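Report on the structure given below.
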Amino acid sequence: MKKVFVIIISCLMIIGSFSTISAMTREEDIKYQKIIQQLELMPNLYSGFYFDNDILHIIPLNSEKSIHDVTVLKENADIHIVIDEPKIYSLEELNQAFEILHIYRDTLDITGYSIDTLNNGIKVMAKEWNDDKKRKIQELVNIKNIEYIIDLGSNTTTQYTVNFSDINGHWAESTINKWKDKGIITGYPDATFKPDDPVTRAELAKVLTEAFELTEKTSLEKYDDMDNSKWYYSYVECSEKYIPVYPLAVGYPSNMPYVENESHSGSNYGFLPDVDAIRMHVAEALVEIKKEKDNITVELPPTIQKVADSVRERFKNDSAYEIGLAVSGGGIASNVARMFEYTYLANELGIMTGDENGFRPYDKITRAELITVIDRMLSE
């Protein structure tokens, strides 16, 4: 954090006037200005520069080209230059840059983009480039290590240059590739997709928004954990009304996902974007989306007891449905009833029908399972 501060302040000092570097002679001042001008002509080759005790420090990017070119600049200079450790972009920074490019791909008029693992940056493709477009992209993604590629191909408007290295032979391989080509799903900087990893609620929001072309936004003010600078914010705005946040099966601690919300009360609670989504809540979201998109209604059995009996008969070997409906003091736990109802509806509509182990309502849904379920819905 201290280094960033020095970079910002020192850059302002350099741009404003070299007179602030009082210990320099006029001849040294001129030499430094020439080096600074050279740096400003190749902004993609360094992360920052600053002065410390009248010595120019340059921070290269974490790429072979950047380190080489900055080293050449130092060797050809007749002033003292120190090359600091390269700026390394984190996995989170690269993924966020990728998501931003996906959101603004039409506005920026770009035809392709991918994470450049080798050079710790990103690659962006367009039919043509100019300084203004490059500057806008850098400002949006907050990454300087960008390779700008001229697209000499067809008039295709979306190209995604990621080939996942860990899906060969996976049961969902063809569906994963299909959705990758549509640009709805993305992988990781190491070129993997991790098909059997769980899906976070933020990732669920993105997939639902893009797959079903959700555009109507709702206010997120009721959530106390939403940051509008995060990559997922606009996706949650479009999909949160479908994605449940309530805990399931109150009174049964082993069946209590989303315990993070237990400390919240009233209208002050979290959406929990980084918490893994469970199958039951994915089922509820998909049922509500299908009912709305297809303009259909599905009748439930006349009583909640009959709904529960039907679900238990269908998923005989699933212990999650062995819980009772009643709560102490009388009545039926609303979230338990809701669990039975949406299991019934998801199965009845053919959205999620379970497997040999049952419906598994409390299990986390994997990345491969989610896109397979949605692909089946959209292929009907």
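Only a predicted model underlies this, so the values are computations on that prediction, with no experimental measurement involved.
Asp131 CG: 12 or fewer foreign heavy atoms inside a 6.0 Å radius. Other residues, nucleotides and ligands contribute at most 12 non-hydrogen atoms within 6.0 Å of the CG atom of Asn142. Other residues, nucleotides and ligands place more than 12 heavy atoms under 6.0 Å from the NZ atom of Lys241. Surrounding OH of Tyr233 are more than 12 heavy atoms belonging to other residues, nucleotides or ligands, all under 6.0 Å away. Within 6.0 Å of CG on Asn295 lie no more than 12 heavy atoms contributed by other residues, nucleotides or ligands. The environment of CD in Glu216 is sparse: at most 12 heavy-atom neighbours from other residues, nucleotides or ligands sit within 6.0 Å.
The minimum heavy-atom distance linking Leu300 with Tyr344 is given by the pair CD2-CD2, 3.5 Å. For the residue pair Ala285 and Leu208, the shortest heavy atom distance occurs at CB-CD1, 4.1 Å. The minimum heavy-atom distance between Tyr242 and Glu292, with the atom names listed, is OH-OE2, 2.6 Å. The shortest heavy-atom contact between Ile67 and Pro86 is CD1-CG, 3.8 Å. Between Thr200 and Asp274, the shortest heavy-atom contact is CG2-O, 4.0 Å. Contact between Phe315 and Thr353 at its shortest, heavy atoms only, is CE2-O, 3.3 Å.
With respect to Glu210 and Lys206, no salt bridge is recorded, no charged nitrogen being found less than 4.0 Å from a carboxylate O. Looking at Lys178 and Asp375, a side-chain N of the basic residue comes within less than 4.0 Å of a carboxylate O on the acidic one, giving a salt bridge. The pair Arg360-Asp355 counts as a salt bridge, with a side-chain nitrogen and a carboxylate oxygen less than 4.0 angstrom apart. We find that Lys136 and Asp132 are joined by a salt bridge, their nearest charged nitrogen and carboxylate oxygen being less than 4.0 Å apart. Between Arg367 and Glu203 a salt bridge is recorded (basic side-chain N to carboxylate O distance below 4.0 Å). Under 4.0 Å is where a charged nitrogen must lie from a carboxylate oxygen, and between Asp197 and Lys194 no such pair does. Between Lys230 and Asp227 no salt bridge is recorded (no basic side-chain N to carboxylate O distance below 4.0 Å). Using a cut-off of 4.0 Å between Lys/Arg side-chain N and Asp/Glu carboxylate O, Arg338 and Glu284 are scored as salt-bridged.
Side-chain contact annotation: Tyr50 with Asp84, donor-acceptor N/O pair under 3.5 Å present. A donor-acceptor contact closer than 3.5 angstrom links the side chains of Glu288 and Tyr342. Counted by atom type alone, Thr343 and Tyr321 present one or more donor-acceptor pairs between their side chains at under 3.5 Å. Judged by distance alone, the side chains of Thr218 and Glu240 do bring a donor and an acceptor atom under 3.5 Å apart.
Ile88 and Ile122 are members of different hydrophobic clusters when ILVMFWY side chains are connected at heavy-atom separations under 4.5 Å. Hydrophobic clustering of Ile, Leu, Val, Met, Phe, Trp and Tyr side chains at less than 4.5 Å, counting indirect connections, keeps Leu61 apart from Val72. Follow the hydrophobic side-chain contacts under 4.5 Å out from Tyr148 and you reach Leu94 in the same cluster.
Stacking of Arg279 on the aromatic ring of Tyr362 is not recorded, the 6.0 Å distance cut-off and the 45° axial limit not both being met.
Using a 4.5 Å cut-off on side-chain heavy atoms (C-beta onward), Thr372 and Glu369 make no contact. Asp225 is listed as a side-chain neighbour of Pro273, based on a closest heavy-atom distance under 4.5 Å. By the 4.5 Å heavy-atom criterion applied to side chains, Val236 and Met226 are counted as neighbours.
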**Item:** From CA spacing to verdict: salt bridge (charged side-chain N to carboxylate O under 4.0 Å, His left out), Lys65, Glu147
**Value:** CA-CA 11 Å; Lys65 178 174 176 54; Glu147 181 180 355; over 6 Å; no
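Of the possible donor and acceptor atoms, none in the side chain of Asp363 sits under 3.5 Å from a partner among the backbone N and O of Ile278.
One distance of note links CG of Leu345 with NZ of Lys290; it measures 12.0 Å at 0.5 Å rounding.
Note: Phe49 and Tyr46 have tilted aromatic rings, judged against thresholds of 30 and 60 degrees for the angle between ring planes.
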